[in-house]
Amino acid sequence: MQDVQIRHDWTLEEIKAIYNTPLLELVYRAATIHRQYQDTAEVQVCTLLSIKTGGCPEDCAYCPQAARYNTDINVHGLMKKEDVLSYAQKAKDAGSTRFCMGAAWREIRDNRDFDRVLDMVKGVNEMGMEVCCTLGMLNADQAKKLADAGLYAYNHNLDTSREHYEEIITTRTYDDRLQTLDNVRKAGVSVCCGGIIGLGESHEDRIAMLYTLSSLPKHPDSVPINALSRVKGTPLEHLPKVEFWDMVRMIATTRILMPQAMVRLSAGRAEMSMSDQALCFMAGANSIFTGEKLLTTDNPSFEEDHMMFELLGLKAREAFKESVEV
């Protein structure tokens, strides 16, 4: 019997009260719930590879891959399957159990490139890794094709609240994002959906984003919490660095609202000390990206994370392990 029930009917006022709980009490509450649903010694180890970089037609204000911004991104077309599988094998050998492939597309198109991605998905799946993709918007038929190829998860973040969204992106709507999530879920693919803090949003916007996520008919299986990577040449390059304590507060609140989810400590980890990361794990984070790059921005290396796991007594979560069901 679990003391905490899975809820989809949180109110904004309830979430606001949780989010504004004194920090140490909030971490304690989140850690207690975390222990009821997860093995706290386990962390899901994921690796993210940009299989097609730059040249994106969208205007996401945080993204260095948007074609309209002058950044130092090295643009390249879709990678060859053998190169992707080689990188996936390196990640698996280093301890990763989930391999994520990202392409700088606005949406999937039914063409040869999509066929090549389907082939990559099949190849990584055959290696015994969970395969995740983030390829932009997709329709129901495309989601079904990815599922049939062996896709385990699909990442499509909300980024921020509905109210703040148009300040960040104008080339697709909030409802477009929610529709993609619905298509993914109906295809039987695990949903990975979270957001970014540090986009100039208010605390109320952060609370509203968590309200949307926790109100979905089924909570996302993975919830990435990202801190803005301030990249020169993007409209948001001059924003201040996200306060570490804000990341802890977001992670803890997410853990309380969605106890079964994998809460991923994502972008921003490269600027955290090992003790910072330890507090995030204590607050309920149980998933990370490892490897030198997060698409195009810096990330701790495999070696650094191995050292951290050894010191903190953490172990990699096995692939395809389901969370506790209630």
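Along the sequence shown, residues carry numbers from 1.
Salt-bridge check for Lys122 with Asp119: failed, with every basic side-chain N at 4.0 Å or more from each acidic carboxylate O. A salt bridge is absent between Glu130 and Arg317; no separation between the charged side-chain nitrogens and carboxylate oxygens falls under 4.0 Å. Using a cutoff of 4.0 Å between basic side-chain nitrogens and carboxylate oxygens, Asp182 and Lys218 are not scored as salt-bridged. Asp305 and Arg269 are joined by a salt bridge, as a carboxylate oxygen and a charged side-chain nitrogen come within less than 4.0 angstrom of each other. A salt bridge does not link Glu204 with Arg206: every distance from a Lys NZ or Arg NE/NH1/NH2 to an Asp or Glu carboxylate oxygen is 4.0 Å or more. Taking 4.0 Å as the cut-off between side-chain N and carboxylate O, Glu14 and Arg7 count as a salt-bridged pair. Checked for salt-bridge contact, Asp39 and Lys315 meet the test: a charged N lies under 4.0 Å from a carboxylate O.
Atom CG of Asn139 sits about 8.0 Å away from atom CD1 of Ile108, to the nearest 0.5 Å. Atoms CG and CG, on Leu118 and Leu151 in that order, are 9.0 Å from each other to the nearest 0.5 Å. Here the CE-OG distance, from Met282 to Ser275, works out to 11.0 Å after rounding to the nearest 0.5 Å. In this structure, Asp59 CG and Thr234 OG1 are separated by 12.5 Å, a value rounded to the nearest 0.5 Å. The CE atom of Met129 sits 9.0 Å away from atom SG of Cys46, with the distance rounded to the nearest 0.5 Å. Interatomic distance, CG of Asp246 versus CD1 of Ile251, reported as 11.0 Å (0.5 Å rounding).
A 6.0 Å sphere centred on CD of Glu318 holds no more than 12 heavy atoms belonging to other residues, nucleotides or ligands. Within a 6.0 Å radius of OH in Tyr211, no more than 12 heavy atoms belonging to other residues, nucleotides or ligands are found. The environment of Tyr174 atom OH is dense: over 12 non-hydrogen atoms of other residues, nucleotides or ligands sit within 6.0 angstrom.
Checked options Val84, Asp148, Leu146; the residue passing with Val121 is Leu146 (criterion: side-chain contact (heavy atoms from CB on, under 4.5 Å)). Among Arg255, Gln44, His34, Glu42, the single residue meeting the side chain to side chain donor-acceptor pair (under 3.5 Å) criterion with Asn286 is Arg255. Applying side chain to side chain donor-acceptor pair (under 3.5 Å) to Asn157 and the options Asn155, Asp159, Thr160 leaves one that passes, Asn155.
Tyr28 and Leu279 sit in two unconnected hydrophobic clusters of ILVMFWY residues. Membership requires side-chain heavy atoms under 4.5 Å apart, directly or through other members. The cluster map of Ile, Leu, Val, Met, Phe, Trp and Tyr, joined by side-chain heavy atoms under 4.5 Å apart, puts Met137 and Leu178 in different clusters. Put simply, Met307 and Phe281 are part of two different groups of oily side chains (I, L, V, M, F, W, Y) that touch within less than 4.5 Å, one to the next. Clustering ILVMFWY residues whenever any of their side-chain heavy atoms sit less than 4.5 angstrom apart, transitively, puts Val75 in a cluster other than the one holding Met101.
Formation of a donor-acceptor pair under 3.5 Å by the Ser86 side chain with backbone atoms of Glu82 is not found in this model. Checking side-chain atoms of Lys52 against main-chain N and O of Gly77 turns up no donor-acceptor pair under 3.5 Å. The main-chain N or O of Gly128 is never found under 3.5 Å from a side-chain atom of Asn125 such that the two would form a donor-acceptor pair. Judged by distance alone, the side chain of Arg116 and the main-chain N or O of Met79 form a donor-acceptor pair under 3.5 Å. The closest donor-acceptor contact from the side chain of His219 to the backbone of Ser214 lies under 3.5 Å. When atom types are taken as modelled, the side chain of Gln65 and the backbone of Gly54 share a donor-acceptor pair closer than 3.5 angstrom. Judged by distance alone, with hydrogens and angles left aside, the side-chain atoms of Thr253 form a donor-acceptor pair with the main-chain N or O of Arg249 at under 3.5 Å. Within the 3.5 Å criterion, the main-chain N or O of Glu163 finds no donor-acceptor partner in the side chain of Glu166.
Scanning all heavy atoms of the two residues, the minimum distance from Thr171 to Pro57 falls at CG2-O, 4.3 Å. Among all heavy-atom pairs drawn from Ser222 and Arg264, the shortest one is OG-NH2, 3.6 Å. Closest of all the heavy-atom pairs between Val184 and Ser190 is CG1-O, 4.0 Å. Of all non-hydrogen atoms in Ala316 and Val45, the two that sit nearest each other are CB-CG2, 3.8 Å. Taking every heavy atom of both residues into account, Leu213 and Gly194 meet most closely at CD1-CA, 4.1 Å. In terms of heavy atoms, Gln260 sits closest to Tyr37 at CG-CD2, 3.7 Å.
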Assess the residue pair Asp175 and Gln179 against the criterion (side-chain hydrogen bond (donor to acceptor under 3.5 Å, both in side chains)); give the C-alpha distance rounded to whole Å, side-chain angles, the decisive distance to 0.1 Å, and a yes or no. CA-CA 6 Å; Asp175 287 327; Gln179 183 60 59; over 6 Å; no
Before giving the answer on side-chain contact (heavy atoms from CB on, under 4.5 Å), spell out for Trp105 and Leu138 the whole-Å C-alpha distance, their side-chain angles and the decisive distance to 0.1 Å. CA-CA 10 Å; Trp105 292 330; Leu138 48 70; over 6 Å; no
Walk me through it: do Leu216 and Met258 pass the test side-chain contact (heavy atoms from CB on, under 4.5 Å)? CA-CA 11 Å; Leu216 292 172; Met258 294 170 274; over 6 Å; no
Should Val131 and Arg98 be marked as a side-chain contact (heavy atoms from CB on, under 4.5 Å) after you check the CA-CA gap, both sets of side-chain angles, and the distance that decides it? CA-CA 6 Å; Val131 193; Arg98 177 176 289 194; over 6 Å; no
For Lys80 and Asp83, what are the C-alpha separation, side-chain angles and deciding distance, and is it a salt bridge (Lys or Arg N to Asp or Glu O under 4.0 Å)? CA-CA 5 Å; Lys80 295 179 180 179; Asp83 293 335; 5.7 Å; no
Any chance you could lay out the salt bridge (Lys or Arg N to Asp or Glu O under 4.0 Å) test for Arg109 and Asp113, step after step, and finish with the verdict? CA-CA 8 Å; Arg109 299 187 183 278; Asp113 279 349; over 6 Å; no
In sequence, state the C-alpha distance, the side-chain angles, and the governing distance for Thr53 and Ser50, and then conclude on side-chain hydrogen bond (donor to acceptor under 3.5 Å, both in side chains). CA-CA 6 Å; Thr53 303; Ser50 179; 2.5 Å; yes
Take Tyr154 and Thr134 through the test side-chain contact (heavy atoms from CB on, under 4.5 Å) and record every step on the way to the result. CA-CA 6 Å; Tyr154 195 82; Thr134 179; 5.6 Å; no
In a table with atom names and distances, give each donor-acceptor pair under 3.5 Å that connects a side chain of residues 18-26 to protein atoms at least two apart or in another chain.
residue, atom, partner, partner atom, Å
Tyr19, OH, His203, ND1, 2.6
Asn20, ND2, Lys16, O, 3.1
Thr21, OG1, Ala17, O, 3.0
Thr21, OG1, Ile18, O, 2.9

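For the residue pair Asp93/Gln89, the side-chain donor-acceptor check at 3.5 Å is satisfied. Inspection of the Arg230 and Tyr62 side chains reveals no N or O donor paired with an N or O acceptor under 3.5 Å. Between Thr173 and Asp176, the side chains place a donor N or O and an acceptor N or O closer than 3.5 Å (distance only, hydrogens not considered).
Checked against salt bridge (charged side-chain N to carboxylate O under 4.0 Å, His left out), Asp205 has no partners two or more places apart in sequence or in another chain. Under the side-chain contact (heavy atoms from CB on, under 4.5 Å) criterion, Met272 pairs with Phe244, Met247, Leu265, Asp276, Gln277, Cys280, not counting sequence neighbours.
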